[in-house]
Amino acid sequence: MPELPEVETIRRDLVSKIVNKKIKEVKILDKKVVEEGKDKEYKNLKNLKIITIIRQGKLLAFLLENKKYILIHLKMTGQLVFKSDSDIIAGGHPFSSKNNSNSISKVLPDKHTRFIIYFSNGSILFFNDIRRFGYVKLVSKEKWQEIKESYGPEPLKAEFKLEDFKQMLSKRKTSIKAVLLNQKLISGLGNIYVDESLFMSNIDPRREAKSLKDKEVENLFKNIVKVLKLAIKNRGTTFSDYVDGSGKAGGYSSKLLVFGRDGDLCGKCGSVIKKVKVAGRGTHICEKCQK
DNA sequence: AAGATTGTTGCTTA
DNA sequence: TTAAGCAACAATCT
C-alpha cells in the first residue's frame, strides 16, 4: 500500500525521468481507470510536455503544458513503472528490463497494465494495478486546487504545525488511529506509518484522540515526521505490491517495528506484538509499550 | 469457501 | 452542521 513515503519516492524517481518529456501517445487499456466517457480527452494530450510532478498525500499530479493535470492515485496495488529506451533494448524483449538485484520488475505491459504514457524519445510510463482501485483523472487547474484544499497539512512541510495538530486532536472523539488515517485532517499517512508512529510514541491506537496529553501529542508529532523521513530515505516500504519508479522494492520493510510483525517480539520490551482491529483496519500493537 | 485485506468515497446515523 | 462509522469497491489470498 503506497503511502506518503512510497508515493514521494515514485515522484522523485519520475521527476528525473519524465519532466520536460513530450507525450507521444496515451493508451487506456482498462476504461475503468479513467472517468466514464472522458477517454476521448486523452487523445488531446499528444505533443504536450510534462512540466512538473506534484504530490498531495498519496495522490500524484502531472502538470502539463496546457495547464491541465493528470492525477494518478495508486490506492492499494497501483504501480508506476518507467522504462527508458535503453531499458527496453537491454532486456532483449521489446518490453522487458535489466534484472537488478532487488528488481521485481517484469515484462510490461502485462495483464495488470491499465494505462500507458508513451514519450516522444521512446521511453514509456506504465500504470499497473492488480486490484483496479487506482485511477487516472484529467483535471483543470481550478479542480486540482479544489482537490488539494480538501486535504489536511503535509506532515513534512512547514504547514504541519504542532499547535494546529494539538487543536485538531483535542476536538476529535474518535480513535487516534482513525484521525491519523483521515486524509482531510493530515495528508499521506496510511496503515503502515500510523501503526509505526503510534508504536514509536507508546500510544495505543484505540485511545480517543482528545485524551492524548500534551507530551504525547508532541511526541507523536515528532515521530510522524521522523518515520516518514526515514522511510523516504530508505525508498519506502514494500509490503504487497509497491515498487518504485524503476520497478524496485522499497528498503524500509526490514526496518518496520510493528507493522506486519504480529507474533514477533517487541524490540523494546520483548512481549508479543498483537494484531487487533481499530477503525476497521488491521492494527499492530505492543500492548505492554502502548498505553 | 467465506472472510480478510486495503484507501477512499459516499451513505446513514447520531 | 458536522462527525463518526460502516458498506462498497476489486481481486487475491488464506
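Computed from heavy atoms alone, side chains included, the values below leave out hydrogens, waters and symmetry copies. Here is the naming used below: chain letters follow the sequence lines, and residue numbers restart at 1 for every chain.
No side-chain donor from either of A:His112 and A:Asn128 sits under 3.5 Å from a side-chain acceptor of the other.
Considering only side-chain atoms of A:Ile130, the nucleotide from B:dG7, C:dT12, B:dT9 that sits closest is C:dT12. Out of C:dA4, B:dT8, C:dA10, the shortest distance to the side chain of A:Lys58 is found at B:dT8. Checked against C:dA4, B:dG7, B:dT8, the side chain of A:Glu3 finds its nearest nucleotide in B:dG7. Taking only side-chain atoms of A:Phe133, from C-beta outward, the nucleotide of C:dT12, B:dG7, C:dA4 with the closest atom is B:dG7. Nearest to the side-chain atoms of A:Thr174 among the listed nucleotides B:dG7, C:dA10, C:dG5 stands C:dG5. Proximity note for A:Arg132 (side chain, C-beta onward) versus C:dA8, B:dT5, C:dA10: the nearest is C:dA10.
Taking atom NZ of residue A:Lys177 and atom C1' of nucleotide C:dG5, one finds them 15 Å apart after rounding to whole Å. B:dG7 atom P lies 15 Å from atom CD1 of A:Ile186, rounded to whole Å. Taking atom CG of A:Leu181 as the reference point, atom P of B:dT5 lies 14 Å away to the nearest angstrom. Straight-line distance from the CG atom of A:Asn182 to the P atom of C:dA3: 9 Å, rounded to whole Å. Whole-Å rounding puts the A:Leu60 CG to B:dT8 P distance at 12 Å. A:Lys275 has its NZ atom 11 Å from the P atom of B:dA4, to the nearest Å. Taking atom NE2 on A:His284 and atom C1' on B:dT5, their separation rounds to 11 Å, with Å as the unit. When rounded to the nearest whole Å, the span between NZ of A:Lys32 and C1' of B:dT9 equals 12 Å.
Residue A:Lys277 has no polar side-chain atom (N or O) positioned under 4.0 Å from OP1 or OP2 of B:dA4. Taking side-chain N and O atoms only, A:Gln183 has no distance below 4.0 Å to OP1 or OP2 of B:dG7. Using a 4.0 Å cut-off, no side-chain N or O of A:Lys184 falls inside it from OP1 or OP2 of C:dA4. Applying the 4.0 Å criterion to OP1 and OP2 of B:dT8, one finds that A:His73 has a side-chain N or O inside that range.
Heavy atoms of A:Arg131 sit under 4.0 angstrom from at least one base atom. The residue A:Gly282 sits close only to the backbone: its heavy atoms come under 4.0 Å of sugar-phosphate atoms, none of a base.
Residues satisfying the salt bridge (charged side-chain N to carboxylate O under 4.0 Å, His left out) criterion with A:Glu208, sequence neighbours excluded, are A:Lys173.
For the atom pair NZ (A:Lys268) and CG (A:Asn202), the distance works out to 3.5 Å, reported to the nearest 0.5 Å.
Donor-acceptor pairing under 3.5 Å, judged by distance alone, is absent between the side chain of A:Arg172 and the base of C:dT2.
The aromatic ring centroids of A:Phe165 and A:Phe160 lie less than 6.0 Å from each other. For an aromatic pair to be called close, the ring centres must be under 6.0 Å apart, and A:Tyr42 with A:Phe115 satisfies this.
In this structure, A:Asn182 and A:Leu189 have side chains that are not in contact, with every pair of non-hydrogen atoms separated by 4.5 Å or more.
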